[in-house]
Each structure stands twice: as C-alpha cells, then as structure tokens.
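Quick note on labels: first sequence line is chain A, next is B, and so on, each numbered from 1. Worth saying up front: this structure is predicted, and the values here are computed from it rather than measured.
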Amino acid sequence: MEDTDATRATEESMRSMMEAMRWIGLDWDEGPEDDGTSRGPYGPYRQSERTALYAEVARRLEASGATYRDHRTSEELEAWRELQRKGGDGGPPVVKASTFEHSDEDLARREAEGSVGSLRLRTPESGSVTVTDLIRGEITWDWATISDPVIERSDGSATYPLANSVDDLAQGVSLICRGEDLLSVTPRQVLLHGLLLTDGLLDAALAAVGFPARDASWVAPEAFAHLPMVVGMDRKKLSKRHGSVSIQEFRRQGFLPETLRNYLALLGWAPRDGRERLDDADMIAEFDLRAVGRSAAAFDVDKLSAFNGERIRELDPGELTDRLTPHLDGTYGEVALLDTPPTDSQRAMVHGLVPLVQERMQRLDEIVEYAPPFLVDELELDPDSVKKVFTKKGAPEAIEATIAVLPDVEWSVEAIEEALRGLPEQLGIGFGKVAQPVRVAVTGSSVSPPLFESIELLGRETSLARLRAALPVAQEAQPAAE
RNA sequence: GCUCCCGUCGUCCAGCGGCCUAGGAUCCCACCCUUUCAAGGUGGUGACGCGGGUUCGAAUCCCGUCGGGAGUACCA
C-alpha cells in the first residue's frame, strides 16, 4: 500500500480503497488487512510502516556515493526551472549532479545554516537505458534527459521511487503492471534495482532493521507492463471522479461488480475469439498482457450500461431481489421504500415485482422508478400522464367498465387479461384506449410494467380502490361537452 | 519547450502484405413484435488522420507530417 505521502493517504481514503477493491471482487494473497494487520511473509505491507527500512537503505546508498544532497529550497528550484523552460541557457529543466551538485563552499555554508537538504540519486550523465515492456516493447531513453530523482525528502521520509524500488526487491515483486503515466519513471527504477542488488546492499539493510530476509532466488522484477490510460468520452483523463470514489459511485448506481470486471477487462484487450461476454473464469484463462493494446481507451458508460442490463436479465429472480434491496431501503439512496430489514410482505412484493421489471432495467437503481406504485399506500397520479391520458375521450368509461368487471374475475393474470380484453368491443374503442387509462389509474403513470401482471400483483382490493379514486380525476379531466 | 508513448466506425475491440467492396460490440436510425416502457428480431448510417515510399499487391512494412496523451514535483 503506497501511502508515503502523508497528506494524501488518510486512514479514510485507504479504507475506502480496500472496500472498493473488495466490492469489485479484487482480492489479494499478501498485503494489508482491514483491521490494520498484514497477511504474508514479507510485511509489513503499508509503506508507512516500512520507513526504518527506507532510511537504512538511504544511508547505505549515501555511503556508497550513489547519491548527493540538494540543499536548494523549493523556491530556488522553481525559479531555476522557470528559467530553464524559458530557454535560459538553452536546456530543458533536467537536474543532473554535474550541474547541480553544490560546491564544497556552498555546501559548507548551507549546512552551517542548518539545512539538511534532500537526497538525490545520481543518474548517469551520458549513455542510454532500454527497458522492455510487455505491452510496448523496447523503449530507450538518454540518461542525459533524465533528472536525478529525490529519493529522500529533507524531513527524512522516503519518496515513491525509493520506497517502491526497495519493496519490489524486498517483497519479491515479479511483474510491475501499472498505468502508462508511470512509464517515464521506469529508468530510475531499474537503476535503483541494480544499486540495491549491488554488494548485497538491500540484504544488509533488511538484516540491520530486522525485516524479513529476501528469498535468495529473487533478482529484479522480471517484467514491466504499462497499461494504456482510461480516459473519459471527452478524451480527458478520468481525474475528478476516479479511483475508489467512482467505484463506490458505480455501486450506488446499481452496476454489478461482475459487469465492471468484464467491461474493464475489455478496455484495451479482447479475447482471441472476439467474445465480449466473459465471466471470471474466461478472463483468467484467456487474458494475456501481450495482447493488450497501446492506445488510451475511453470509458463508455452507455456500453457498460448495456452490458449491465444483459447481466441483470440473466440473474435469477431470488438473487435479483436481494441485489435490489439496498437500492430500496435507503442504503444507497435517499428514497427508503422498504423497512430495514424488509418485512415479509415487502420482500414478497419486491420478489413479485422482479419478473415484471427484470427485462427493463439497465441499472439496479432504476428500481426506484418502478417500485413506488407497488410499495406505497397512497398513490400519486403523475400529472403529465393524467394530462396525456385522462383527457382522452372514453377514459372515464374505460375505468368504470374495469371497476365493473374486476370484482368477479378469478384472480390470475390470464383471467384479468381476458376480462379486460373484452372491454374494447363493449365500449367500441381500441384496446389501447382502455389499457392506458386503467394503467394510469392503477400505477399512477402512463409508463409502467405490464398491466395485467401489475394488477394481479397489487391485488383486487388495491386495484379497485385505485380505480375508484382515479375515476373522478378522469371525469374532471375530460374536455367540456359542447 | 524537452522526453517518452499513441493514432481503424462517435466509443471499445478484430485485423498482424492478398481471405477487407474492413468484421463484432455499443450508440443512433428504420422496420417487425406489442397494452405503455422495455426486452427480442431484422435491416441500415458510420472508420483505416495526411503525404511520400517499399511491393505485382498495404489498414497491415519504412520515412515524414499532423493530431492526441503522459511525464517534466522534496505527488504517486
């Protein structure tokens, strides 16, 4: 867990990240646990708990001459960079020991003033590095274009380059797989790996601070894989709503974790046979880093939604009922249509509703659009639907006829359908002219789950009560007689 | 500015010199089905950034160009 930046890595943000990973279904064999402990033989696994190791390594690196101290203040550095960028003496802002190391006098003066300075790693002044990336192939940089990184801040804390390089080796990391944004940081990482392995520097440091010894067979990580960035539909990187925050957001919106896993795997990759619908076993069996694409992928919520709807339709009704519950009891939203936990009758109602809504949902949170008529005592009629449907000629008659026929039908979907189907002929109008007014009366809206099923689910009493209550509204809405 | 990366339908992928008058998915449109909304079915619009090469033949190889992205922190 990379929490070397104390200002960003709060207890809360770390917890939220682990929760998000667990929800989406990513587990780990070795690493931190929720309760603050660790699991695995090469811990601790929070970088904030490994500071003694980093400091020990830094001392040894310093003693070996691989580093130098930089006493410049942030202001001095910023001014220098500004000058360089503007073309000051022609070069880009590359920090190299050759031009940056303090003279003996300057060093003495700064130290006398009490400055500690930060610790920079000396990178080669010339020559080049080539790293092999599983996704991008060979990439080469000239060392002259690479700045000497700060590996220890003036307050003594380790920075990401040091901490990660140490942990790569100390914890036996075999594959470094991360975003493309970290590609340019790779040269200094391999440089550090080499230094840490030289003369057993890391092993000695590990022993000195009492951390678990490395397995002797570990060398440097076998491979790097820099994955393409995921960007928004506007091609800008997913900054504002990224990371754990948006994962929790997807959860609230009712995306299934298995949908997210499937969709995310397809960003930058596709199985050989081109199938898009993959379960975990498929992905584990077929995923191949070498087949990952190299260009940034835009996150398309429409496509995600389509996938999600497909998976919702495949859930069995009992499972869907369970998954819907947190969207109805106020866990994820402000609307609480169910008690917590739901009563037996509430659960039965949701269970009965599931077959009616399953094929018309893309996200679980859409249940709040369908459920109210079935879970609420006092039905409110949607004004737009009233205006659109009740004003039509024949609406009150259709409702009256339904009221007349409903008390005596056998209470089944089929019988209800048969009874209502008989009405158009009797009234001399089309079936739509009957169904719509009845729909609005019973469900409160001109858009609802299938009518006969809805009536059946609501029950004879509730359906009749709603029809009777709506009748005067429909009569009122009729255009004045000429 | 400098360094590195990338460039096939709006979007995600397939394509690895001829099977491509470029395929699938999503989106959009039309039609069918239909009690509303969906779901489902059928069909359709839509792309190799540009310019040079190499080759009998290029989306596929090479060069250039343009465009996009990332990095350029005592953040990670």
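- Under the Watson-Crick or G-U wobble criterion, with both distances below 3.5 Å, U35(B) has no partner in any strand shown.
- Both distances falling under 3.5 Å, in either a Watson-Crick or a G-U wobble arrangement, place C56(B) opposite G18(B).
- Separating the C1' atom of C74(B) from that of G67(B) is a span of 36 Å, rounded to the nearest Å.
- Comparing C6(B), C75(B), A70(B) against the side chain of Arg136(A) picks out C6(B) as the nearest.
- Which of C74(B), U35(B), C37(B) sits closest to the side chain of Ser118(A) comes down to C74(B).
- For Arg360(A) and Tyr370(A), the positive end is not near the middle of the six-membered ring at less than 6.0 Å and at most 45° from its axis.
- Arg294(A) comes within contact range of the sugar-phosphate backbone alone, with a heavy-atom separation under 4.0 Å but no base atom that close.
- In summary, the aromatic rings of Phe250(A) and Phe299(A) are positioned with their centroids under 6.0 Å apart.
- Candidate nucleotides U35(B), U36(B), C12(B) were compared by shortest atom distance to the side chain of Ala435(A), and U35(B) ranks first.
- On a pure distance criterion of 3.5 Å, no polar donor-acceptor pair joins the side chain of Glu359(A) and the base of G40(B).
- Closest to the Phe452(A) side chain, of the nucleotides U35(B), C16(B), C74(B), is U35(B).
- Rounded to the nearest Å, the gap between the P atom of C62(B) and that of G40(B) is 43 Å.
- A cation-pi contact links Arg72(A) to Phe100(A), judged by a cut-off of 6.0 Å to the six-membered ring centre and 45° from its axis.
- For Arg153(A), the listed nucleotide lying nearest its side chain is A76(B); candidates were A70(B), A76(B), A25(B).
- The closest donor-acceptor contact from the side chain of Ser157(A) to the backbone of Arg153(A) lies at 3.5 Å or more, if one exists at all.
- In this model, the phosphate group of C74(B) is approached by a side-chain N or O of Arg120(A) to a distance below 4.0 Å at OP1 or OP2.
- Set against U3(B), U36(B), C74(B), the side chain of Thr145(A) has U3(B) as its closest nucleotide.
- Using N1 to N3 plus N6-O4 or O6-N4 for Watson-Crick, or N1-O2 and O6-N3 for G-U wobble, each under 3.5 Å, U3(B) pairs with A70(B).
- Residue Leu183(A) is classed as a sugar-phosphate contact, given heavy-atom separations below 4.0 Å to backbone atoms only.
- Look at A25(B): its Watson-Crick or wobble partner, with both distances under 3.5 angstrom, is U11(B).
- The partner of A76(B) cannot be assigned: no Watson-Crick or G-U wobble pair with both contacts below 3.5 Å exists in any strand.
- Between the C1' atoms of G1(B) and A59(B), the separation comes to 34 Å (whole Å).
- Note on Arg136(A) versus Glu180(A): salt bridge recorded, some NZ/NE/NH1/NH2 to OD/OE distance being below 4.0 Å.
- A donor and an acceptor atom sit less than 3.5 Å apart, one in the side chain of Ser154(A) and one in the base of C74(B).
- Nucleotides G51(B) and A73(B) are separated by 39 Å at their P atoms, to the nearest Å.
- For U45(B), there is no paired nucleotide, since no Watson-Crick or G-U wobble pair has both relevant distances below 3.5 Å.
- With both ends at atom C1', the span from C48(B) to U8(B) equals 4 Å, rounded to whole Å.
- Of the residues near RNA chain B, Glu78(A) and Ile135(A), the one whose nearest nucleotide (by heavy atom distance) lies more toward the 5' end is Ile135(A).
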